[in-house]
Amino acid sequence: MIAFVSGPVAALAPDSAVVEVGGIGIAVQCTPNTLSGLRMGQQTKLATSLVVREDSLTLYGFVDDDERQVFELLQTASGVGPRLAQAMLAVHAPDALRRAVSTGDEKALIAVPGIGRKGAQKLLLELKDRLGEPIGAPAIGAPVTQGWRDQLHGALIGLGYATREADEAVAAVTPQAEAAEGTPQVGQLLKAALQTLNRAR
């Protein structure tokens, strides 16, 4: 079990990072929110979960141990594999997921790509006693207040996009950010920004 990786960030992609550990580049699958906090060449430490399949070994990386624990707990529900668990964490922070499950919030789960109404109902039943109560204050959930533009811009530059491209992508997702209930989440905005950049190329 690889509990964490620590070292300089050697490469960044839309859904993964490479962390140099003892001269070896370790590829780690990450959510957009986790990637938004990484910068090329800077030291990082990511909590990790190793998923073993017959034909692959995939390392998933997280901001902290809590996020990793929720990732692993989500997979105890039937029909939830690592990809779907990661998609759930890309849309909702751990406490937001706990809150959704504890309050029976179907809409929150349906907001995750790949989960329909029936799937959401099933997950609410299966996860109710597994995730536990929210740990932090109600406002938690990777929120971004005034600085979401700066964080999103910095994340895009960190992924290797030019300043002009980053400016255009931030402008493209601004209506989505302003329409969001509460504070916009950088992870979701980064995903939308990458889609606009991919279409433009």
Side-chain angles (χ1 to χ4, degrees), residues 1-98 101 109 111-115 119 123 126-127 130-132 135-136 140-142 151-152 154-161 185-195 197-198:
M1 172 71 180
I2 301 171
F4 68 87
V5 293
S6 178
V9 178
L12 286 167
D15 61 353
S16 64
V18 176
V19 179
E20 186 180 331
V21 181
I24 298 170
I26 309 270
V28 187
Q29 296 288 313
C30 303
T31 64
N33 199 51
T34 301
L35 290 168
S36 71
L38 303 180
R39 297 289 179 272
M40 286 287 290
Q42 287 188 9
Q43 288 286 323
T44 189
K45 182 178 180 181
L46 296 173
T48 55
S49 178
L50 182 64
V51 175
V52 180
R53 294 283 183 266
E54 279 187 18
D55 56 348
S56 67
L57 295 172
T58 308
L59 201 60
Y60 290 84
F62 309 94
V63 175
D64 54 31
D65 290 334
D66 182 42
E67 195 173 58
R68 176 185 59 198
Q69 185 181 7
V70 170
F71 171 79
E72 291 173 349
L73 285 170
L74 289 172
Q75 292 176 74
T76 64
S78 56
V80 178
R83 290 282 181 191
L84 185 55
Q86 191 178 45
M88 291 169 78
L89 284 165
V91 175
H92 300 294
D95 256 10
L97 280 172
R98 290 190 187 98
V101 171
L109 294 187
V112 178
I115 298 180
L123 284 170
E126 288 195 34
L127 294 171
R130 300 181 196 178
L131 287 187
I135 293 168
I140 212 160
Q151 289 194 29
L152 179 58
L156 291 166
I157 297 294
L159 287 170
Y161 288 99
Q185 291 191 4
V186 172
Q188 289 168 282
L189 294 174
L190 179 58
K191 197 184 292 183
L194 290 170
Q195 287 171 347
L197 286 165
N198 289 337

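Residue numbers start at 1 and run along the sequence shown.
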Q: Where do Asp65 and Ala47 come nearest, in terms of heavy atoms and distance?
A: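 Taking Asp65 first and Ala47 second, the nearest heavy atoms are OD1-CB, 3.5 Å.
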Q: List for me each residue that meets side chain to side chain donor-acceptor pair (under 3.5 Å) alongside Ser78, sequence neighbours excluded, and say none if there are none.
A: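 Once residues adjacent in sequence are excluded, the partners of Ser78 under the side chain to side chain donor-acceptor pair (under 3.5 Å) criterion are Lys122, Glu126.
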Q: I'd like to know if the side chain of Ser49 reaches the main chain of Arg68, judged simply by a donor and an acceptor atom lying under 3.5 Å from each other, with no hydrogens or angles considered.
A: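 No.
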Q: Can you find a heavy atom in the side chain of Leu74 that is under 4.5 Å from one in the side chain of Leu97?
A: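 Answer yes - side chains close enough.
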Q: Are any of the side-chain heavy atoms of His92 and Val112 separated by less than 4.5 Å?
A: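 Counting from C-beta outward, His92 and Val112 do come under 4.5 Å.
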Q: Determine whether a donor-acceptor pair (N or O, by modelled atom type, separation under 3.5 Å) exists between the side chain of Gln75 and the backbone of Phe71.
A: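 Side chain of Gln75 to backbone of Phe71, a donor-acceptor pair under 3.5 Å: yes, one is there.
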Q: Considering all heavy atoms of both residues, which atom of Ala27 and which atom of Leu59 are nearest to each other, and what is their separation?
A: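 Where Ala27 meets Leu59 most closely, the heavy atoms are O-CB, 3.8 Å.
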Q: List the atom of Leu46, the atom of Cys30, and the distance in Å for their closest heavy-atom pair.
A: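 Taking every non-hydrogen atom into account, CD1-SG, 4.1 Å.
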Q: Which heavy atom of Leu38 sits nearest to which heavy atom of Ala17, and what is that distance?
A: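 The pair with the smallest heavy-atom distance is CD1-CB, 3.7 Å.
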Q: I'd like to know if the side chain of Arg83 and the backbone of Val80 have a donor-acceptor N/O pair within less than 3.5 Å.
A: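 Side chain of Arg83 to backbone of Val80, a donor-acceptor pair under 3.5 Å: no, none is there.
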Q: So, do Arg98 and Val70 sit near enough that their side-chain heavy atoms are less than 4.5 Å apart?
A: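 The answer is yes, as the side chains (C-beta and beyond) meet within the 4.5 Å cut-off.
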Q: Under 3.5 Å, which donor-acceptor pairs link side chains of residues 3-16 to any protein atom two or more places apart or in another chain?
A:
none

Q: Test side-chain contact (heavy atoms from CB on, under 4.5 Å) on Thr34 and Glu67; report intermediate values, then the result.
A: CA-CA 10 Å; Thr34 301; Glu67 195 173 58; 3.5 Å; yes
